[in-house]
Trainee: 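Structure incoming, see below.
By convention in this document, chain letters (A, B, ...) are assigned in the order of the sequence lines, proteins followed by strands, and residues within each chain are numbered from 1.
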Protein chains: 4
Amino acid sequence: MRMEPKKAIPSMVKDPKLIEKRREQIVEAAVELFISKGFHKTTTREISRASGFSIGTLYEYIESKEDVLYLVCDAIHQNMERGLKEVLVNGVSGAVMLKAAIEGFLRVMDEMQDRVLLIYQEIKSLPKDTMKYVMAKEEEITSFFEEILHRGRKDGSLNIDEPLVKLMAHNIVVLGEMWTFRRWSLRKNYTLEQYTEIQTSLILHDLTGK
Amino acid sequence: MRMEPKKAIPSMVKDPKLIEKRREQIVEAAVELFISKGFHKTTTREISRASGFSIGTLYEYIESKEDVLYLVCDAIHQNMERGLKEVLVNGVSGAVMLKAAIEGFLRVMDEMQDRVLLIYQEIKSLPKDTMKYVMAKEEEITSFFEEILHRGRKDGSLNIDEPLVKLMAHNIVVLGEMWTFRRWSLRKNYTLEQYTEIQTSLILHDLTGK
Amino acid sequence: MRMEPKKAIPSMVKDPKLIEKRREQIVEAAVELFISKGFHKTTTREISRASGFSIGTLYEYIESKEDVLYLVCDAIHQNMERGLKEVLVNGVSGAVMLKAAIEGFLRVMDEMQDRVLLIYQEIKSLPKDTMKYVMAKEEEITSFFEEILHRGRKDGSLNIDEPLVKLMAHNIVVLGEMWTFRRWSLRKNYTLEQYTEIQTSLILHDLTGK
Amino acid sequence: MRMEPKKAIPSMVKDPKLIEKRREQIVEAAVELFISKGFHKTTTREISRASGFSIGTLYEYIESKEDVLYLVCDAIHQNMERGLKEVLVNGVSGAVMLKAAIEGFLRVMDEMQDRVLLIYQEIKSLPKDTMKYVMAKEEEITSFFEEILHRGRKDGSLNIDEPLVKLMAHNIVVLGEMWTFRRWSLRKNYTLEQYTEIQTSLILHDLTGK
DNA sequence: GATGAATGAGCCTTCATTCAT
DNA sequence: TATGAATGAAGGCTCATTCAT
């Protein structure tokens, strides 16, 4: 999984350690606020207050409110990536790996549902330019599954045509996202375990015939 | 497909015909604006101007900016419903009907992609109360596919367990939505026809074994 | 009691009977609204609705919202005058007449408290020009008591110097007004009868020594 | 004279000294504007401009336009209190004290006539809740005279029955207010000195027989 | 005469951002 | 580095008044 370049956000402060620390505070505060009130209804004052410092200080570490949104999206993606990497088991067939990856992915999506939803709903508020960085991350996650599918294709454990790989990877990712943004209905009818079990077996049925 | 009740938006104007006409103008203007700039960045003045009348007149037909968003969401859903209904063929098996419905649904989603996206991204800006009306519509669409699946189950043309019906309906709807909100990637790799063909065959493979 | 000239308010309508009728409707509706919400917070729409006709019709009988306020003030003053005139007894001494007049005046003020207050609080919203007409009415009421005092002075029943007459008249009128605009405190401690009794005896004590 | 609690108006600014200073500027500017144009016809922009800062800054020190009105009323009352306190002479009989108090009170009312009028005419524009604070001040002033009357009653210098005390205190206060809100007529006929002399002697005549 | 839809100036308030300390 | 007071453009909404029907 190749890492996408980050967007560099200028800061008035020199010390990189401090920048990192402060931005962590900002993100932690902002995530909660964005989730509960949305990006537009959250004020910079609220962000600075919840971050534990003044509005002036906030602007020492960012250049605009939208930077905070970028920082937040980026941090969320980082978390997702961490969760995905933990799931990877080596020395097994692509099929086995896929099953584990889907299960792990759905577990991560379940834990991060509010954050996933946040990205989906607020991404459009990013400047066109910045949005690309975030979309790239999204693509990265898709390619995570693409790679597993490829591996299974090569080792013969998965029965899938080349042109189908990309789409199937999308399907899997959407499976996870749908658990977050259709939760109002899905939760009423299925537990995470049930959901995982059914969706996994549908996918594997398609790809292995079993 | 049972119709959900609409939220009644009070108007200062008495003539219902006129209300309908003006609200159509409002919706037409607002959809474009919301799609291109987003709900929050669109001003009420812009809406009124694009609708062809003054800000005062706009407020004769709505009570708040959020009402416009509701009107827009409602109109979009109505269009979707119309599209879906046209697709229904009678006197055929559930399986055949499902295939046609998916194709038709994807066609509709493709035509309305911007609008579908709009609903997904701005729905959270609706007052909690109003949001329910819009979510109900969303559920309605899902149940459209649920009913087809049920019919196929009964006539034996579809092989699906009862508890799976709801989830499969969701899967199908998400299939359509994903064509709109992952278009940045899907379009690069698949045409609508390819997408339809692959997804339909995956679904039918799951449900008919063929 | 010489009548002050009224301000003439132009109307689009020719029939004077109709004008009078409509304006009565307007006043009746507006008084209630002004009392409960104040002049500024009452809209012309509300006035027309409460009057029983459309906003367009309202403006056939007035030229501005302030005209309504004038109409209202004028009607209230007319009522007060009517009340005062009823109180006048002839063929008695000035002292007896004064006692009766004060009692009657206080009764009228008690009955019309909300309206009296209304004039006091909203009079400043009248155009400078129009305000004069209303102030003149106020002066008229004062001179009502002035005349009684004069009569008592002449017939020897009241012991009062000429230059004191005007001030005493004012004092009496203010006595009545104070029952309306200090009611939040006076009502807690005195009934109208007690209030009347005390104030009357204070006045008469000053003017007759008894 | 027991002090009534003030209504606390939240401010975005932390420094209490600065808050006080800025609010003084606001009050100074707003009093003039309210007197000349009335509360409703004065805009917040005018207030901020006349205060010497921007509209944004104005709202750092208040939460709503009505807060300004409260601030203004409160400041006026404070001035009145200061004026009243200066008038108090100790070590004298209640009767002597009363005479001095009335004279002082009328002098204060004369100096502050526009402001007194302002309170009377705009108090109703305050939120019900806030109005109570202002009314309490009004009561406070009445009780200032009540106390003097009580003292005179106790030391035998004033001849007044207990139940009459409250009403007489009201009468005195109204005497002062009437000098402001009937000035259009009183000024034409009496100077402040004449007015004071006559009213004082009427009161004292009632209370001492002299 | 009556109606009521249309108008738009103008109001109060918010909030991202700056900059002197 | 940190602070927080100051700024003012901009936004949502109201309402007195007009005028075509």
Trainee: Can you tell me how far C1' of E:dG4 sits from NZ of B:K17, to the nearest Å?
Mentor: 18 Å
Trainee: Tell me whether the NZ or CZ atom of A:K124 lies within the 45° cone about the ring axis of B:Y120 and under 6.0 Å from its centre.
Mentor: no
Trainee: Mark yes or no for whether B:D74, through its side chain, and B:Y70, through its backbone, hold a donor-acceptor pair below 3.5 Å.
Mentor: no
Trainee: Nearest nucleotide by nearest heavy atom, which residue falls closer to the 5' end of DNA chain F, A:D15 or B:K65?
Mentor: A:D15
Trainee: Find every protein N or O atom lying less than 3.5 Å from an N or O atom of nucleotides 18-21 of chain F, and list the pairs.
Mentor:
none

Trainee: Any chance you could encode DNA chain E as dot-bracket? Rule is Watson-Crick or G-U wobble with both distances under 3.5 Å; [ ] for pairs crossing earlier ones, | for another strand.
Mentor: .||||||||||||||||||||
Trainee: Using atom types as modelled and distance alone, determine if a side-chain donor or acceptor of C:D67 lies under 3.5 Å from a backbone N or O of C:S64.
Mentor: yes
Trainee: Specify the separation, in whole Å, of atom CD1 of A:I47 and atom P of E:dA16.
Mentor: 8 Å
Trainee: Both conditions, 6.0 Å and 45 degrees, for the charged tip of D:K65 above the ring of D:F39: are they met here?
Mentor: yes
Trainee: Between atom CD1 in D:I19 and atom P in F:dA5, what is the gap in whole Å?
Mentor: 8 Å
Trainee: Test C:E46 against C:T43 for side-chain contact (heavy atoms from CB on, under 4.5 Å), laying out the working first.
Mentor: CA-CA 5 Å; C:E46 284 172 316; C:T43 68; 3.2 Å; yes
Trainee: Do any of residues 22-29 of chain A sit with a heavy atom less than 4.0 Å from DNA chain F, and if so which?
Mentor: A:R22
Trainee: Rounded to whole angstroms, how far apart are CZ on D:R45 and P on F:dG8?
Mentor: 12 Å
Trainee: Verify the contact: side-chain N or O of C:Y61 to OP1 or OP2 of E:dA2, cut-off strictly under 4.0 Å; return yes or no.
Mentor: yes
Trainee: Does the side chain of B:Y59 reach to within under 4.5 Å of the side chain of B:M12, using non-hydrogen atoms?
Mentor: no
Trainee: What is the nucleic acid contact for B:T57, judged by heavy atoms within less than 4.0 Å: base, sugar-phosphate only, or nothing?
Mentor: base
Trainee: Could you pick out which residue, D:L18 or B:E46, lies toward the 5' side of DNA chain F when each is mapped onto its nearest nucleotide?
Mentor: D:L18
Trainee: Rounded to the nearest Å, what distance is computed from the NE2 atom of residue B:H40 to the C1' atom of nucleotide F:dA10?
Mentor: 15 Å
Trainee: Over how many whole Å does the gap from B:L33 atom CG to F:dG11 atom P extend?
Mentor: 13 Å
Trainee: More 5' along DNA chain E: A:T42 or C:V13, using each one's nearest nucleotide?
Mentor: C:V13
Trainee: Looking for any heavy atom pair under 4.0 Å, which part of the strands does B:M12 touch: base, sugar-phosphate only, or nothing?
Mentor: sugar-phosphate
Trainee: Do C:Q121 side-chain atoms and D:Q121 backbone N/O form a donor-acceptor pair below 3.5 Å?
Mentor: no
Trainee: Under 4.0 Å: is that the gap between some side-chain N or O of D:S54 and OP1 or OP2 of F:dT7?
Mentor: yes
Trainee: Between B:K14 and D:K41, which residue's closest nucleotide on DNA chain E lies nearer the 5′ terminus?
Mentor: B:K14
Trainee: Looking only at atom types and distance, does a side-chain atom of A:S11 sit under 3.5 Å from a main-chain N or O of A:E60, one as donor and one as acceptor?
Mentor: yes
Trainee: Going by distance alone, is a donor N or O of one side chain under 3.5 Å from an acceptor N or O of the other, for C:T57 and C:S54?
Mentor: yes
Trainee: Is A:T44 near enough to E:dC15 that one of its side-chain N or O atoms lies under 4.0 angstrom from OP1 or OP2?
Mentor: no
Trainee: For C:H77 and C:E138, what are the C-alpha separation, side-chain angles and deciding distance, and is it a side chain to side chain donor-acceptor pair (under 3.5 Å)?
Mentor: CA-CA 8 Å; C:H77 272 140; C:E138 210 65 22; 2.8 Å; yes
Trainee: Answer yes when B:E32 and B:K37 have at least one side-chain N-carboxylate O distance shorter than 4.0 Å, and no when they do not.
Mentor: no
Trainee: Measure from NZ on D:K21 to C1' on F:dA5 and round the result to the nearest Å.
Mentor: 11 Å
Trainee: Between B:K41 and A:E66, does at least one N-O distance fall below 4.0 Å, as a salt bridge requires?
Mentor: yes
Trainee: Tell me if the side-chain of B:R49 makes a donor-acceptor pair with the base of E:dG8, cut-off 3.5 Å, by modelled atom types.
Mentor: no
